[in-house]
Amino acid sequence: MSALESFKKEVGEFLDQNCPESMRQPMKSEDDAYWGGRNGSFKNDDQKSWFEAMAAKGWTTPEWPAEYGGGGLSKDEARILKKEMAKRNCRTPLLSFGIWMLGPALLKFGSEEQKHQYLPDIINGKIRWCQGYSEPNAGSDLASLATSATTVGDNYIVNGQKVWTSYADQSDMIFALTRTSGEGKKQQGISFLLVDMAAEGVSTRPIKLISGKSPFCETFFDNVKVPKANLVGAEGGGWSVAKYLLTHEREMIGETTDPSAMIPLNVSAKKDIGMNADGKLADPVMRKEVAEWEIDGAGFLFTIARLKDEMKAGQPIGAKSSFLKYYGTELNKKKYELHLTNKGLDSLGWDGEQYEEGKLARMFCRTKGNSIEGGTSEVQLNIISKRILELPSE
Amino acid sequence: MSALESFKKEVGEFLDQNCPESMRQPMKSEDDAYWGGRNGSFKNDDQKSWFEAMAAKGWTTPEWPAEYGGGGLSKDEARILKKEMAKRNCRTPLLSFGIWMLGPALLKFGSEEQKHQYLPDIINGKIRWCQGYSEPNAGSDLASLATSATTVGDNYIVNGQKVWTSYADQSDMIFALTRTSGEGKKQQGISFLLVDMAAEGVSTRPIKLISGKSPFCETFFDNVKVPKANLVGAEGGGWSVAKYLLTHEREMIGETTDPSAMIPLNVSAKKDIGMNADGKLADPVMRKEVAEWEIDGAGFLFTIARLKDEMKAGQPIGAKSSFLKYYGTELNKKKYELHLTNKGLDSLGWDGEQYEEGKLARMFCRTKGNSIEGGTSEVQLNIISKRILELPSE
Amino acid sequence: MGLVITEEQQLLKDSAKDYLKENASIALMRKLRDENDENRFSPAVWNAMAEMGWAGLIIPEAYGGMGFEYVGMGQVLEETGRSLTSSPLLSSALISATLLNLAGDQSQKEKYLAAIASGKIISLASEEGSHHNPKKVQLTAKKKGDGFILSGSKNYVLDGQVADHFIVSARTAGHSDSPKGISLFIVSADSAGISKTSATLMDSRVCAHLSFDNVAVSTDHLLGELDKGYKPLQKTLDIAAIGVSAELLGIIQESFDRTISYLKERRQFDKIIGSFQALQHRAADMYCEIEICKSLVIKALQGIDEDSFMLPALASMAKSKCCKIAQLVTNEGVQMFGGIGMTDDEDIGLYLKRARVAMELYGNYNYHLDRFATLNGY
Amino acid sequence: MGLVITEEQQLLKDSAKDYLKENASIALMRKLRDENDENRFSPAVWNAMAEMGWAGLIIPEAYGGMGFEYVGMGQVLEETGRSLTSSPLLSSALISATLLNLAGDQSQKEKYLAAIASGKIISLASEEGSHHNPKKVQLTAKKKGDGFILSGSKNYVLDGQVADHFIVSARTAGHSDSPKGISLFIVSADSAGISKTSATLMDSRVCAHLSFDNVAVSTDHLLGELDKGYKPLQKTLDIAAIGVSAELLGIIQESFDRTISYLKERRQFDKIIGSFQALQHRAADMYCEIEICKSLVIKALQGIDEDSFMLPALASMAKSKCCKIAQLVTNEGVQMFGGIGMTDDEDIGLYLKRARVAMELYGNYNYHLDRFATLNGY
């Protein structure tokens, strides 16, 4: 048996023993997820024991180096672990912006001390992180951010406001872009700071969306003292860290599909609109719209597959991720428009049991943000025209 | 009887006596039009006698002052003449860019000598004019035109090239925009010159379009000597003259509808596609497209009527003419796309009797120019956003 | 009649605009919503509107109304679209008043039209399914003694939770999909056997689902002729669709105006975002489409007043185009506002949500496009 | 199979590109057109193509072909789209070869497939009306003695004016709209009773309208089973639609590339027009749509080679999307070229005109959208 084969066997046995039955079903709601943190609590014993078993092996972060508590697995081993978990429908034991975002940045840009200080707490779910990038006047144009970090002795004094910080009200720490200098190009003078949310002067306010409650918050910094040791990378070098993370994020979003995306439009159309005697959808306009969407939808899935195959063949995806982001989010918005039209008045209920508390209507509203968050459609089109089509700037 | 009533009676009698029966039918082809000029010839005696009767009264240009040979009619009288002619289906006796374009400009900007020299020949159809504005590198951006007019003694020496000069190969004179100075803003330094097409150094070449033959020509100037007396307005003041004419032209285009526009789409759809047993168009996608077009088409006609009513109520049309140009031409293009789809393969024949020498296919190709000529759709959208919506320039 | 409004109509429109701005702004709508008000409109405001005569705008003077034309009513509805004002103006003062006027006899008109003009609320209960389909009537009215017994249910009755009376379409003959055999009844809301549940929709307004459990009504509650209710009902629904189109036109124009203002003020990449040509062209294109909507709406409103034989087509044209452009403009509005447009604090999203509901009322885009084609014989 | 072409297919594509650029460029097409050539393709070029093996690309080696896959053929067709090359590659080497391979018996394959591979031209005569409708067959084949008598007409037969043989769909049973009772015959073009008229279409290519006046054929000219010709015919038409999609993909990409180049070079208002954001966004959006087209075309081509049960849906997806995007891209091309794009001197309009014809061949956008919905049960 090769080393990988025996690893696979070992993994299988570990999962069989340690992943409780209830952790082998898809999450039913956001409630079923464990996010860790100082105030994190387990929903039940199964969740706790599953998390602890994985964390103990460092398998909340399978490929991170073992010296920080990570799994220390090779790429091949990590792939085997992922497959074996998928085979058993094992839930992800820990959801974490620390794992998805900060960790990779620390591994690349952090000092040895920072890695030792922060990575273990991410791996073990002890500290929950949130991201502080956007500001009211720095959305698409992130580099124009204004939250200031002024040197006073060994500290920065941070003042300003962030928006769209997901779960800020439940997080222990924030990684934030701040302005340490107003000189030169605006991309210069940005620094990447780690700030304790419990520090004096930090406050948060949840953001209500047009779809209702949301995980987003505004985060305010009022003369917050942050030790200089919490600077990641060089002072003024925060833009590189941010760009590294944003590219990462964009690729993730390109691939994200929400679970209800799985209800095909033609199924809801047949059910909600009904069929004519000739076997055609009773609403001929809808029939055309659904067919058009489904062709585009299939074309999009084929294209994702094709780009993956091209990547395997050595063609980097590059700015094509902007195409995926743009096209995928516009398709998703369109799909919900069609779902609503299919379902008619019944799609518009906002609360109450009859309307599943407005699930569909709220999802519809929420999709409107798809083409804004993570880089607006306009920004993606700019990127495509500049980086792929190489059209000139003015 | 009031003066106007007796004028109406007089006009009626004149038309009854002087407009031959054959001149009281719609023109069947371009061939039926009389354009005048040194080489102009009448198609038949009816055409000749009708033209001469009208020219003798100056009614080829009813409102132009009598001192130049015009009709000298008041607005009210001119309206009566127009109505009486329409009542009898009288053909326009003389088609002429001299009447539509140059004349108004001369009346506003020309010297007394120029008026006396040129207007009578326009009224009497002796000289046929064409327009020399666009150049290969000055289309939407007309002001960047480069055809030069350099002073040498009492003459300008003109060099350069014009495009899109309609009927240049059949015209006697051209009114052209030329550059007399390269200093300052490019709108300055443009001069409006009258050039004899028979002068040495002038040559023309017909332009073939994607739809086939066209009235358009390229016109070349190779050291052409033009007397300074042929300058209209001030040297460097040609842009004002051009703008005056262009506004005029845009309003005209906004109102133009080609005669075949009269075949409703749903009629051709019913005929060419056929109906299902349930009384619906056999192609349900086409049914939707036709209904959408017809709603937009009706909305557009209502809008023209509404804007006219608003003008009557004292609201000037202003930049809304750009909206009419944009929307009307895009609708027309769309209509021909739908006509072709209705008719299927039979719409694609390019010549031969079976296909009426490709009439429909060629019209389709020709409509593609609607959103380019007379100011592109993009230019109209720029005008709307700047002048109506007042969005800022960069 | 020119395609412009008269001075009198302009005065009405201006005074509506001023009144609504002062008394029924979006702040009021948010307050009613956040306090979870059960009707989501202010009775005080509605009473004031009635006192100003709006509740009786289209009701003949003989029955206590203003005897104004529908073009005037359209101007007020357009303004309620701009201000997102919820009130029984659409349900009672436009729709029910129209139907009573078309189908009622002298004594019914005297009684109910006067009630509407004074601010009482009468709601039309005609929808049974999730998609507009006025022919599909399964609620039955069975003859019994001197009256009728109504059994069945009606959905999405606008202001149904607070109405004094309902006008109910009921099946008295024919199969459940037939325009023939439909009769109209006017029923007191507190009749025994009627039960109601409220539903809050995306626009944060409330409507009612009604259940009729052997509701007895006497013959004088029959509105118009037995079995022949469909004709006045359909004409009323055309007028309802035009009324909603007028409201949508207000929504379209106000969200567009707000978007243009935002484009002139928001800076990104060191530029006013309204200077970006891609946004300019999208804005200019919307401007053009809005011009078309304006013309279709005024033409349709005039069509009511002129009793045009084209009314069904005019209604379907206005509603379909306004649906399409409302969808375009409110979506573009949220997109151009960007992240802030996604927040509940910003008003633009409220327009999107009201538009989405209004788009479905009395026939959506597809319904009216299909109907337009049918009316034109293809 | 990954959604990428193999090295071998890439080599074929590259060599096709090089050959066509050198020998069958737009200059050749203009020359044939302006000289009013009766076939509008160059026999010399076609012979060279046949010698390179393209005429037999998908024909099994046993019958004198290359035994290549359809994905490879798709690459060559795409290149002919880019170069606007007219040749019997589509009509004979793709369509007729496919149908013969599907329906022919051993001796028919030996005879006719070898002929096609060598450059002989066989054309499918299946259209009778102006809209694609392969079920609607009115041309009759009546049994007489040891053979059949064909009467009726066929329209828009590609390269029909110069073909050596026709494959004709004929009604041998059933009503004129039924898929049942259609039989296929292979008929020599010089058979007594066949008359031809040529038609030049918008793309300046020529096709033929055929009239069959009691044309006698012997039984060995029946292709496949009597009355059961529809199945292989329909499969062939799916493959034809995919072939045209591949050509359209070439047209789309080439017109887009040319438009982008022009945007980078043309100056107006002292700026490169490609720097205008409104044009940039339209270009970027087209880029995205083209990516989708590419995926649908390669997926459909692979579907032929894999004999996928999804083939009909894949064909309809590819054809409908390529029609829509070809219309978009060629129209935008002319618009972005501006006045010069309207002139015959500039090539962009030639792409628009060829695209418009290819869009109608073997089912237009509406046809395939409708069919896709039907295939998916709605």
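We use all heavy atoms of the structure for the numbers below, so side chains are in, but hydrogens, waters and symmetry mates are not. Here is how names work: the chains are called A, B, and so on, in the same order as the sequence lines, proteins then strands, and each is numbered from 1. None of the values given here were measured: they were computed from a predicted structure.
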(request) Considering non-hydrogen atoms only, spot the tightest contact between D/Glu360 and B/Leu348 and give its length. (result) CG-CD1, 3.8 Å
(request) Measure distances from D/Glu346 to the heavy atoms of chain B and classify the residue's part below 4.5 Å as side chain, backbone, both or neither. (result) neither
(message) I need the B/Ile207 CD1 to D/Asp345 CG distance, nearest 0.5 Å.
(response) 8.5 Å
(request) Can you measure from CE (D/Met359) to CG (B/Leu340) and round to the nearest 0.5 angstrom? (result) 8.5 Å
(request) Would you check if the side chain of D/Gln335 reaches a backbone N or O of B/Ile372 as a donor-acceptor pair within less than 3.5 Å? (result) no
(request) Give me the contact list for residues 371-378 of chain D versus chain B, heavy atoms only, anything under 4.5 Å, ordered by residue number. (result) none
(message) To the closest 0.5 Å, what do you measure between CG (D/Leu201) and CH2 (B/Trp350)?
(response) 11.0 Å
(message) Need one label for D/Phe269: side chain, backbone, both or neither, based on atoms under 4.5 Å from any heavy atom in chain B.
(response) both
(request) Please look at B/Ser214 and chain D and tell me whether the side chain, the backbone, both or neither of the residue comes under 4.5 angstrom of a heavy atom of that chain. (result) neither
(message) Can you confirm whether B/Asp283 sits close enough to D/Asp370 that some side-chain heavy atom of one is under 4.5 Å from a side-chain heavy atom of the other?
(response) no
(message) Could you report the tightest heavy-atom contact between D/His131 and B/Asn342, atom names first, then the distance?
(response) NE2-O, 2.6 Å
(request) Measure B/Glu289 against the heavy atoms of chain D and call it side chain, backbone, both or neither at under 4.5 Å. (result) neither
(request) Would you mind checking if B/Asp141 and D/Arg267 are paired as a salt bridge, meaning a charged N to carboxylate O distance below 4.0 Å? (result) no
(message) Can you tell me which portion of D/His132 sits under 4.5 Å from chain B's heavy atoms? Options are side chain, backbone, both or neither.
(response) neither
(message) Between D/Arg282 and B/Glu378 (salt bridge meaning N to carboxylate O under 4.0 Å), is one present in this structure?
(response) yes
(request) Can you tell which part of B/Lys343 gets under 4.5 Å to a heavy atom of chain D, answering side chain, backbone, both or neither? (result) backbone
(message) Closer than 3.5 angstrom, by distance alone: can the side chain of D/Arg356 be matched with the main-chain N or O of B/Phe364 as a donor-acceptor pair?
(response) no
(message) Using heavy-atom distances under 4.5 Å, tell me whether B/Ala143 contacts chain D through its side chain, its backbone, both, or neither.
(response) neither
(request) Kindly give the heavy-atom pair with the smallest separation between B/Val285 and D/Leu369, and that separation in Å. (result) CG2-CD2, 4.1 Å
(request) Check whether any side-chain heavy atom of D/Met342 lies under 4.5 Å from a side-chain heavy atom of B/Arg366, and answer yes or no. (result) yes
(message) If I compare all heavy atoms of B/Gly139 with all of D/Gln268, which pair ends up nearest, and what's the gap?
(response) N-OE1, 3.1 Å
(request) Taking all non-hydrogen atoms of both residues into account, name the closest pair between B/Leu345 and D/Gly129 and its distance. (result) CD1-O, 4.4 Å
(request) Using non-hydrogen atoms and a 4.5 Å limit, figure out which bit of B/Ser377 sits close to chain D: side chain, backbone, both or neither. (result) both
(request) State which residues pass side-chain contact (heavy atoms from CB on, under 4.5 Å) with D/Glu38; sequence neighbours excluded, sorted by chain then number. (result) none
